[in-house]
Amino acid sequence: QVQLVESGGGSVQAGESLTLSCAASGITISTHCMGWFRQAPGKERERIASITSHGYTAYGDAVKGRFTISKDNAKNTVYLQMNSLKREDTDMYYCAAQRREYCEFRYDMDYWGKGTLVTISS
């Protein structure tokens with residue numbers, strides 16, 4: 001059974017930082033495309049960051065230069081370092097995995113976590 005468990009969310013002030021973690025079980029992240037997404041109620045899901053099995057990263061325009069995705073294959077964990085947080089970063093953040101070494105976002109992700117809430121106040 002595949003599980004992706006996010007942690008690290010919380011409430012911080014604008015300008016501060018948070019690091020999210022995604023602990024995977026039932027899959028090996030070293031052979032999967034991993035991604036972070038966010039979605040608020042009534043809004044479309046937004047892809048924030050992704051990392052391929054080989055470590056290539058990509059970012060959405062809204063977070064480029066502020067967020068960094070990384071992974072520790074030995075711990076089977078993916079991270080999202082979020083700096084210079086803004087109020088508009090307030091959202092539920094989800095970790096997801098795709099059964100591909102390179103990310104193909106024309107296809108949906110295969111596994112999803114339940115999310116962790118990030119709230120930014122000014």
Side-chain angles (χ1 to χ4, degrees):
Q1 181 182 0
V2 176
Q3 280 194 309
L4 301 175
V5 180
E6 302 96 335
S7 62
S11 297
V12 298
Q13 298 280 325
E16 294 183 342
S17 300
L18 274 176
T19 300
L20 305 183
S21 299
C22 171
S25 59
I27 62 168
T28 303
I29 66 169
S30 62
T31 61
H32 285 67
C33 158
M34 303 297 297
W36 285 97
F37 297 75
R38 64 187 183 189
Q39 186 172 22
K43 293 177 64 177
E44 282 194 17
R45 183 190 303 159
E46 180 183 7
R47 188 171 71 245
I48 298 303
S50 60
I51 186 165
T52 71
S53 64
H54 302 283
Y56 295 109
T57 60
Y59 299 91
D61 288 341
V63 306
K64 203 171 292 183
R66 299 188 297 124
F67 291 11
T68 302
I69 188 171
S70 62
K71 62 177 180 172
D72 186 331
N73 289 335
K75 295 182 178 180
N76 219 31
T77 300
V78 182
Y79 304 97
L80 185 69
Q81 173 70 42
M82 306 186 295
N83 298 328
S84 303
L85 284 161
K86 306 175 181 179
R87 285 191 65 185
E88 51 264 43
D89 294 319
T90 295
D91 234 324
M92 185 70 78
Y93 284 71
Y94 298 90
C95 175
Q98 192 178 70
R99 289 191 303 261
R100 298 173 184 272
E101 292 188 354
Y102 289 94
C103 303
E104 294 275 357
F105 293 113
R106 55 183 168 167
Y107 304 108
D108 204 353
M109 304 299 278
D110 295 297
Y111 309 107
W112 291 88
K114 294 184 178 180
T116 185
L117 181 63
V118 172
T119 304
I120 312 302
S121 58
S122 58

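Since the model is a prediction, treat every value here as computed from it, not as a measurement.
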- [ ] Check whether more than 12 heavy atoms from other residues, nucleotides or ligands sit under 6.0 Å from atom OH of Y56, and answer yes or no.
- [x] no
Open item on the list: Has D72 got a side-chain atom pairing as donor or acceptor with T77's backbone, closer than 3.5 angstrom?
Closed with: no
Open item on the list: The criterion is side chain to side chain donor-acceptor pair (under 3.5 Å); which residues satisfy it with D91, sequence neighbours excluded?
Closed with: none
Open item on the list: Any non-hydrogen side-chain atom of I27 less than 4.5 Å from a side-chain atom of L4?
Closed with: yes
- [ ] Starting at CG of N73, measure out to OG of S53 and round the result to the nearest 0.5 Å.
- [x] 9.0 Å
TODO: Find out if a path of hydrophobic residues (ILVMFWY) with successive side-chain heavy-atom gaps under 4.5 Å connects L117 to F37.
DONE: yes
TODO: Give the minimum heavy-atom separation between I29 and V78, together with the two atoms involved.
DONE: CD1-CG2, 3.9 Å
Task: Gap separating the CD1 atom of I120 from the CD atom of E16, nearest 0.5 angstrom - done: 8.0 Å
Open item on the list: Could you report the tightest heavy-atom contact between S84 and S17, atom names first, then the distance?
Closed with: N-OG, 4.3 Å
Open item on the list: Could you measure the distance from the OH atom of Y94 to the CE atom of M109? Nearest 0.5 Å is fine.
Closed with: 14.5 Å
Task: Linked, directly or transitively: Y79 and M82 (ILVMFWY side chains, under 4.5 Å) - done: no
Task: Closest approach of A62 to E46 (non-hydrogen atoms, all atoms of both residues) - done: CB-OE2, 3.6 Å
Task: Residue that, paired with I48, satisfies side chain to side chain contact (heavy atoms under 4.5 Å, CB included) out of L20, L80, I69 - done: L80
Open item on the list: Applying the side chain to side chain donor-acceptor pair (under 3.5 Å) criterion to Y111, which one of Q3, Q98, R99 satisfies it?
Closed with: R99
Open item on the list: Can you confirm whether R87 is buried at CZ, in the sense that more than 12 heavy atoms of other residues, nucleotides or ligands lie under 6.0 Å from that atom?
Closed with: no
- [ ] Answer whether the closest heavy-atom distance between the side chains of W36 and E6 falls below 4.5 Å.
- [x] yes
Open item on the list: Using 0.5 Å steps for rounding, measure from the CG atom of L85 to the OG atom of S121.
Closed with: 10.5 Å
TODO: Kindly state each residue pair satisfying disulfide (SG to SG under 2.5 Å) with at least one member in residues 62-101, sequence neighbours excluded.
DONE: C22-C95
Task: Inter-residue atom distance R38.CZ - T90.OG1, 0.5 Å rounding - done: 9.0 Å
Open item on the list: Taking V5 as the starting point, is it possible to reach Y93 by hopping between hydrophobic residues whose side chains are less than 4.5 Å apart?
Closed with: no
Task: Salt-bridge present (K86, D89; N to O < 4.0 Å) - done: no
Task: Nearest-0.5 Å distance that lies between atom CZ in F67 and atom OG1 in T19 - done: 10.5 Å
TODO: List for me each residue that meets ring-ring contact (aromatic ring centres under 6.0 Å, His included) alongside Y102, sequence neighbours excluded, and say none if there are none.
DONE: H54
Open item on the list: Using modelled atom types and a 3.5 Å cut-off, is there a donor and acceptor pairing between side-chain atoms of Q39 and backbone atoms of M92?
Closed with: no
Task: For A97 against H32, the heavy-atom pair lying closest together - done: CB-CD2, 4.4 Å
